[in-house]
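First the structure, in the form of structure tokens, and then the observations on it.
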Amino acid sequence: MKLLKLVFILCFLFSNPQLNAQESCNCCTEKHDQFNFWEGQWEVKDEKGKTLGYSTISFV
């Protein structure tokens, strides 16, 4: 029972957005924006052209 309470408390603490907020973004630089080329909706195909799946990549 104590373990369950501990897990509940830890989940509450780490899910609080105020505790996880950062004053500055370490990856909000021009160099990091160079990886935005893969953002979008993608259709994945094999070498014969058969569709294998779809993927959507977005940055929040």
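The chain is numbered in sequence order, starting from 1.
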Set of side chain to side chain contact (heavy atoms under 4.5 Å, CB included) partners for S55, sequence neighbours left out: W42, I57
Hydrophobic cluster (4.5 angstrom, side-chain heavy atoms) - remaining members for L52: V44
E43: side-chain hydrogen bond (donor to acceptor under 3.5 Å, both in side chains) partners, not counting sequence neighbours: T51
Those residues that, when tested against T29, pass side-chain hydrogen bond (donor to acceptor under 3.5 Å, both in side chains) (two or more places apart): H32
